[in-house]
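Okay, structure first, notes after.
All ligand and atom numbering here is 1-based and tracks the order in the structure. Keep in mind the model is a prediction, meaning the values are calculated, not measured. Counting begins at 1 with the first residue of the sequence.
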Amino acid sequence: MTQVTMSVNGKPVTRDVEGRRLLVEYLRQDLGLTGTHVGCDTSQCGACVVHVNGQPVKSCTMLAAEAEGADVTTIEGMAAPDGTLHRLQEAFNEHHGLQCGFCTPGMIMSAAALLEDNPHPTEHEVRQYLEGNICRCTGYHNIVKAVLAASGQDVALAAE
Ligand code: FES
Ligand code: FES
């Protein structure tokens, strides 16, 4: 066991973890942050995306011990402390960017990283950036619309 300290959604957390513990297991099972999902065992689905030091990371590909000293943000950390949803969460809701919702936390975390880097992406850039996030329900169109809407752009222009 190794003692690991990191900030999770703005709060310092110190726990003993096994060296082989994945970050996603640590978040879900040790910290109870089950909004981060596991949708595959091949690092392909993106349901497990969280931010580590501001960068989107598939948390099934990283050991918890590797996050020593890092700032980790999960979907639970996206809403404001008073419960006000993040603009992406609002936009996914408003533009029907989800159906079953399984992919949604990872989609939102990836999209948030995109908007951080590129506040006004084109539709093509949104589709390209979200390539690593798989959705089995929506056909992606409303997800793209939601991301464009959250960036303040006219979603009526988004291609069908
Ligand atoms: Fe599928 Fe991490 S669980 S990419
Ligand atoms: Fe069901 Fe995306 S909404 S997997």
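Inter-residue side-chain proximity for Asp30 and Glu25 is flagged as unmet; no heavy-atom pair is nearer than 4.5 Å. Using a 4.5 Å heavy-atom threshold, the side chains of Leu23 and Glu66 count as separate. The shortest distance between side-chain heavy atoms of His120 and Gln153 falls below 4.5 Å.
Not one N, O or S atom of Cys100 sits under 2.8 Å from atom 2 (Fe) of ligand 2. Taking 2.8 Å as the threshold, Cys40 counts as a candidate ligand of atom 1 (Fe) of ligand 1, since one of its N, O or S atoms lies below it. Coordination check, Cys137 versus atom 2 (Fe) of ligand 2: failed, since every N/O/S atom of the residue sits at 2.8 Å or beyond. Within the 2.8 Å limit, Cys60 places no N, O or S atom next to atom 1 (Fe) of ligand 1.
Atoms of ligand 1 found under 4.0 Å from any heavy atom of Cys45, numbered from 1 in the order shown, are 1 (Fe), 3 (S), 4 (S). Atoms of ligand 2 lying under 4.0 Å from at least one heavy atom of Cys135, given by number and element, are 2 (Fe), 3 (S), 4 (S). Heavy-atom contacts of Gly46 reach the following atoms of ligand 1: 1 (Fe), 4 (S) (cutoff under 4.0 Å). Within ligand 1, the atoms closer than 4.0 Å to a non-hydrogen atom of Gly39 are 3 (S), numbered from 1 in the order shown. Those atoms of ligand 2 that come under 4.0 Å of a heavy atom in Gly101, given as number and element, are 1 (Fe), 3 (S). Of all atoms in ligand 1, numbered sequentially from 1 with element shown, those under 4.0 Å from a heavy atom of Val38 are 3 (S). For ligand 1, the atoms sitting less than 4.0 Å from at least one non-hydrogen atom of Cys48 are 2 (Fe), 3 (S), 4 (S), numbered in the order shown with element in parentheses.
Applying the side-chain hydrogen bond (donor to acceptor under 3.5 Å, both in side chains) test between Asn9 and each of Thr73, Thr74, Asp71 identifies Thr74 as the sole match.
Of all protein heavy atoms, the one lying nearest to atom 4 (S) of ligand 2 is Arg136 N, 3.3 Å. Among protein heavy atoms, atom 3 (S) of ligand 2 sits closest to Gln99 N, 3.2 Å.
The pair Arg127-Glu123 meets the salt-bridge criterion, with a side-chain N (NZ, NE, NH1 or NH2) lying under 4.0 Å from an Asp/Glu carboxylate O.
Under 3.5 Å, the side chains of Arg21 and Gln29 contain a donor-acceptor pair of N or O atoms.
The number of heavy atoms from other shown groups lying within 6.0 Å of CD (Glu116) does not exceed 12.
With rounding to the nearest 0.5 Å, the separation of CD in Gln128 from NE2 in His124 is 4.0 Å.
Under the 4.5 Å side-chain contact rule for hydrophobic residues, Val17 and Val52 share a cluster.
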